[in-house]
Amino acid sequence: MVRSRFAPSPTGNLHIGGARTALFNYLYSKHHRGVFVLRIEDTDIERSRDEYVDDILGGLSWLGLDWDEGPYYQKDRTELYREHAERLLKEGLVYRCYCSAEVLEEKRKAALKEGGKPHYDRTCRDLPADDPSHEGKPYVLRFRTPLSGEVSFADLVRGKITFKCEELDDLILLRTDSSPTYNFTVVVDDALMGITHIVRGDDHINNTPRQIVIYEALKYPVPQFAHVPLIHGKDKARLSKRHGATSLLEYRNDGFLPEAVMNYLARLGWAHGDQEIFSREELIEKFDLPAVGKSPSIFDMEKLTWLNSHYLKTLPEDDIAKRLLPFLDEIGISAGYDARLVRIIVNLRERAKTLKEMAQMSEYFFRDDHAVDDAARAKFLTPATKPILTDFAEDLKGIASMDDEESLKARLEGLTKKYNAKPVAIIQPIRVALSGKTVSPGIFEVIAILGKECVERRLKDAIESIQ
RNA sequence: GUCCCCAUCGUCUAGCCUGGUCCAGGACACCGGCCUUUCAAGCCGGCAACGGGGGUUCGAAUCCCCCUGGGGACGCCA
């Protein structure tokens, strides 16, 4: 049984990179009909914040990456870590180190200056156990890393990776205040939670051998690892705050659909032939770790946007209509779900790239005091077009239903003949009169959706506004 | 500095494992055309890449080595 996990630390929002790691874990476990575990790594009390936990949980839920177990909080498991540390101490696999943080920092700097590895010099490693000179002094627990030999593992995306033990440091497992550190908790938890596959960012490759030796010391089975490349910003550097490595939820707020974001994230670093569009079910069916690329990819907003328009156009219309509601609300339009709304989105979804944009584009369908574009007014609501609008308003009186496209079309053709003009010359003034813009869905659709009363009112207002 | 990882169009990628069908395929973006009632959408077409150098081989994007470039890690952060 495959058991994967996503283990973020709540020291920041769930950004694009984290979301993709979560997605890959989710897809891998679902593909193998396994279990997806969520664990919050909040051992850094200083920087962990509840609001980040909320953001992470909210982001995952929005994407629909539902976890089967958890969330587990490491904060609640400190006793477990302490027990394991004691066990290692009893077995002589960890030792007390009395070096202060300041001394360590100086040693690191000195080593770096001389061109060496900034590693701990192992001063306390061979201190006699009964040495009384450190009695009562604060200490940390360090792992007694093997001094020679090598550690290797078969990475599911990169193949075999080997490290020499000399490269490994004697990691601190328990701090002075006896709180556990990352490399220790992650091993204990993954082992205890029965995690079989660890899918994480490749910034953890260096931690992997250090963790493997801890697994071995603890006599726990070593899981499989898969290190996926990081997502970079346009400058090819790791995604950070300045690239908009902001919360995933901002994409929701900006009107992106979770289907599009999931599809985009999956294709970032992974491919299945030439296919671009994948539903969640297809992703679960087709996703596999060996197909994940090895090189970092750059986040491309344009492609995400393209996918978003694709889903806007292809998802069920009633679904899109319902999802538009909160965005309408956002700009002060309290609409409800009905046939008219569906009709509006059917016309707008070919043109809008996001739900947010769609809401803005739909404003004039909902209120008479909608924005009117000055340039559009200046160009199309003029003394020259006034008679056209007047004639058209007059024509309308003879038509019972604005859904009667045939009749409307006939009147329009009449006007093109009368004014000896192209259709566009007749239609644009009407479009501006009705929508306040030069751009809108087909004019007959606009007229039909607005309804007779509204169309007459707006034509009248437009005509009166022309000096 | 040391270690680890990576390297195909501007971007996401297919192809690489199992060399020839690749003068390298798809997608986004961009450019042009068609359609047209505006804007989109759609359809058609175009531009555009195997980082460099050595090998191996009849033949290399594909295998090997070196170089270069990029990224990551080196915390009592995760």
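Labels below follow one simple rule: chain letters A, B, ... track the order of the sequence lines, proteins then strands, and each chain is numbered from 1. Values reported hereafter were calculated over all heavy atoms of this structure, with side chains retained and with hydrogens, waters and symmetry mates removed.
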State the pairing partner of B/U21; accept Watson-Crick or G-U wobble contacts with both distances under 3.5 Å, and report none otherwise. none

Let me spell it out: for each of A/E445 and A/K160, pick the nucleotide of RNA chain B with the closest heavy atom. Which residue's pick is nearer the 5' end? A/K160

With a sphere of 6.0 Å drawn around CG of A/D177, does it hold more than 12 non-hydrogen atoms of other residues, nucleotides or ligands? yes

Output the rounded distance in Å from CD (A/Q275) to P (B/C28). 14 Å

Can you measure A/I427 atom CD1 to B/U37 atom P for me and round it to whole angstrom units? 7 Å

Could you tell me whether A/D76 atom CG has more than 12 heavy atoms of other residues or ligands within 6.0 Å of it? yes

Are the side chains of A/L65 and A/L23 in contact, using a 4.5 Å heavy-atom criterion? yes

Give the rounded distance in Å between these two atoms: CZ of A/F299 and P of B/U13. 13 Å

Can you sort out which residues in residues 258-272 of chain A have a heavy atom within less than 4.0 Å of RNA chain B? Ascending by number, please. A/R267, A/L268, A/G269, A/A271

What integer distance in Å separates A/K353:NZ from B/C28:P? 11 Å

Heavy atoms, side chains only, cut-off 4.5 Å: are A/D170 and A/R144 in contact? no

So what does A/T438 touch, heavy atoms closer than 4.0 Å: a base, only the sugar-phosphate, or nothing? base

Can you tell me if A/S297 touches the phosphate of B/U13, counting only side-chain N or O atoms and a distance under 4.0 Å to OP1 or OP2? yes

Donor-acceptor pair (no angle test) under 3.5 Å: A/E105 side chain, B/G75 base: no

Would you call the rings of A/Y364 and A/H370 parallel, tilted or perpendicular, taking 30° and 60° as the class edges? perpendicular

Nearest-Å distance for atom pair CH2/P, residues A/W306 and B/C12: 16 Å

Closest nucleotide among B/A14, B/C76, B/U8 to the A/S295 side chain: B/U8

Find the distance A/D155:CG to B/C4:P and express it as a whole number of Å. 15 Å

Protein-nucleotide distance (A/R431, atom CZ; B/A40, atom P), rounded to Å: 12 Å

Just N and O in the side chain of A/R47: are any of them under 4.0 Å from OP1 or OP2 of B/A78? no

Does any nucleotide pair with B/C74 by Watson-Crick or G-U wobble geometry, both distances under 3.5 Å, and what is it? B/G1

What nucleic acid atoms does A/P209 come within less than 4.0 Å of, heavy atoms only: base, sugar-phosphate, or nothing? nothing

Of the listed nucleotides B/G71, B/C74, B/C76, the one nearest the side chain of A/H232: B/G71

Which part of the nucleic acid, if any, lies within reach of A/S309 when heavy atoms closer than 4.0 Å are counted: base, sugar-phosphate only, or nothing? nothing

Separation of A/K303 atom NZ from B/G10 atom P, in whole Å? 15 Å

Please classify the nucleic acid contact of A/N207 as base, sugar-phosphate, or nothing, using heavy-atom distances under 4.0 Å. base

Name the closest nucleotide to the A/E350 side chain, picking from B/U8, B/G72, B/A41. B/A41

Contact class for A/E167 (heavy atom, under 4.0 Å): base, sugar-phosphate, or nothing? sugar-phosphate

Would you call the rings of A/F299 and A/Y251 parallel, tilted or perpendicular, taking 30° and 60° as the class edges? perpendicular

Among B/A40, B/C74, B/C5, which is the nearest nucleotide to the side chain of A/H119? B/C74

Once the angle between the rings of A/F287 and A/F24 is folded into 0 to 90°, is it parallel (under 30°), tilted (30 to 60°) or perpendicular (over 60°)? tilted

Select base, sugar-phosphate, or nothing to describe what A/I172 touches, counting heavy atoms under 4.0 Å on all strands. base

Would you call A/D169 and A/R108 a salt bridge, using N to O less than 4.0 angstrom? no

Checking all strands, does A/K313 fall into the base, sugar-phosphate, or nothing category for heavy-atom contacts under 4.0 angstrom? sugar-phosphate

